[in-house]
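Worksheet for the structure shown next.
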There are 2 protein chains.
Amino acid sequence: MREVAAGLRLLQRSTDAFDEAAAARLGLNRTDLRCLDLILAEESLSAGALTAAAKLSPAATTTAIDRLERAGYVTRTRDAANRRRVLVTATEQARTAEREVYGPLAEAGAQALRRYTKDQLALITGFLATACRVQEEQSARISELPEA
Amino acid sequence: MREVAAGLRLLQRSTDAFDEAAAARLGLNRTDLRCLDLILAEESLSAGALTAAAKLSPAATTTAIDRLERAGYVTRTRDAANRRRVLVTATEQARTAEREVYGPLAEAGAQALRRYTKDQLALITGFLATACRVQEEQSARISELPEA
DNA sequence: AGCTATCATTTCGACTGTCGAAATTTACGC
DNA sequence: GCGTAAATTTCGACAGTCGAAATGATAGCT
């Protein structure tokens, strides 16, 4: 009960620390890393799509792409089908870095989960979904609160 | 397995959204909210202790306290025992806001956890601790990687 | 074909938050 | 008392973000 709340806080902290370490490793700031992850998740992404996915302003997205490009993690190409669009594509260097950073994490995670039965895993995913739902509901409640 | 990873990502997103909403509600930025939470957790905190706890530079801490003070959430008092120190104390307004924001979250969380048996709760806290440990180990691994 | 309205991205100017280093105020040992 | 160290604040500079204007590209209409 109280332990669950504490565990969630610690989990958040460790996630944050991991992201920080990953960004430092790649020589990026957190925003750029988030953008790079989004780009890696798709084959390639238009600048506008990245703006939407990262919830940044168009201007901030442009400079984030600039930094990623300068660091060698992405390339810009104009979309042949619609030359207004700029396609952002991850480089091989980015994929290598991704494997180096996330590969062992995925491996260690899988290893740790092997200790659980199928039913236990189902319980855990159920819990995660519930926690998510509760937090979303509460975010919505706060947003709709009348001005103080 | 894959669902657990996905669940963790979504959980992180929802936590982030909640923090964002809470900060917006209080008219603070994320850093200031984090500082305020740290101050609320203790009776009161010296500026230096806050610097350490929030992992900010002394300069950034000073301006964060300035903003919190201007917003009416904390007061500055010089420590009587050691007048070099500045004690930062949360106001009643801060406690009220805290109850408004976190009270219902705690309530909803407790409600959701009521569906689980004691054993199931133990499984969940165990999982959270494991996830934490794995992420910490991986953060450490990344930090110690030789330069690219 | 040419004009115009619209779309996608970038550039520009301003602002916020952070930092390192110097300055200020207070405490302590000799 | 005086010099040194401690705690915080001030100062100047810098990185990242935003909104709005500018630029480049497309599609529709006549």
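Order of the sequence lines sets the chain letters (A, B, ...), proteins ahead of strands, with each chain counted from 1. Bear in mind the structure is a predicted one, so any value in this text is a computation, not a measurement.
- Within the structure, every pair that satisfies the side-chain hydrogen bond (donor to acceptor under 3.5 Å, both in side chains) test and touches residues 4-14 of chain A, not counting sequence neighbours, is listed here: A:Q12-B:D19, A:S14-B:Q135.
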- [ ] At under 4.0 Å between heavy atoms, which parts of nucleotides 17-22 of chain C does protein reach? Answer with one letter per nucleotide, 5' to 3': B base, S sugar-phosphate only, - none.
- [x] SSBB--
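- As a whole-Å value, the separation of B:E69 CD from D:dT8 C1' is 13 Å.
- Rounded to an integer number of Å, the gap from B:L68 CG to D:dT9 P is 13 Å.
- Here A:D32 pairs with A:R67 under the salt bridge (charged side-chain N to carboxylate O under 4.0 Å, His left out) rule; sequence neighbours left out.
- The separation between B:L87 atom CG and D:dT9 atom P is 11 Å, rounded to whole Å.
- Side chain of B:R85 to main chain of B:R78: no donor-acceptor pair is present (N/O by atom type, distance under 3.5 Å, no hydrogens or angles).
- Applying the salt bridge (charged side-chain N to carboxylate O under 4.0 Å, His left out) test to A:E107 and every residue at least two apart in sequence or in another chain returns nothing.
- Counting to the nearest Å, the C1' atom of C:dT10 and the CZ atom of A:R85 are 16 Å from each other.
- Taking atom CG of B:L50 as the reference point, atom C1' of D:dT9 lies 15 Å away to the nearest angstrom.
- Between the B:S46 side chain and the B:V86 main chain, no donor and acceptor come within less than 3.5 Å of each other.
- The minimum heavy-atom distance between A:A47 and A:T61, with the atom names listed, is O-CG2, 3.7 Å.
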Strictly under 3.5 Å: I want the nitrogen or oxygen pairs between protein and nucleotides 23-30 of chain C, one per line.
| residue | atom | partner | partner atom | Å |
| --- | --- | --- | --- | --- |
| C:dA27 | OP1 | B:R83 | N | 2.9 |

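- With side-chain heavy atoms closer than 4.5 Å counting as contact, directly or through intermediates, the hydrophobic cluster containing A:V4 also holds A:M1, A:L8, A:L11, A:L113, A:Y116, A:L121, A:L123, A:I124, A:F127, A:L128, B:M1, B:V4, B:L8, B:L11, B:L113, B:Y116, B:L121, B:L123, B:I124, B:F127, B:L128.
- Taking atom CG of residue A:L33 and atom C1' of nucleotide D:dA15, one finds them 17 Å apart after rounding to whole Å.
- Here D:dT10 presents its P atom at 7 Å from CG of B:D66, a figure rounded to the nearest Å.
- Using a 4.0 Å heavy-atom criterion, one finds that A:T51 contacts no nucleic acid atom at all.
- Closest of all the heavy-atom pairs between B:R34 and B:A54 is NH1-O, 3.1 Å.
- Between the A:Y73 side chain and the A:L26 main chain, a donor and an acceptor come within less than 3.5 Å of each other.
- Counting any heavy atom pair closer than 4.0 Å across all strands shown, A:R30 reaches no nucleic acid atom.
- One interatomic measurement links the two molecules: CD1 of A:I65 to P of C:dT9, which rounds to 8 Å at whole-angstrom precision.
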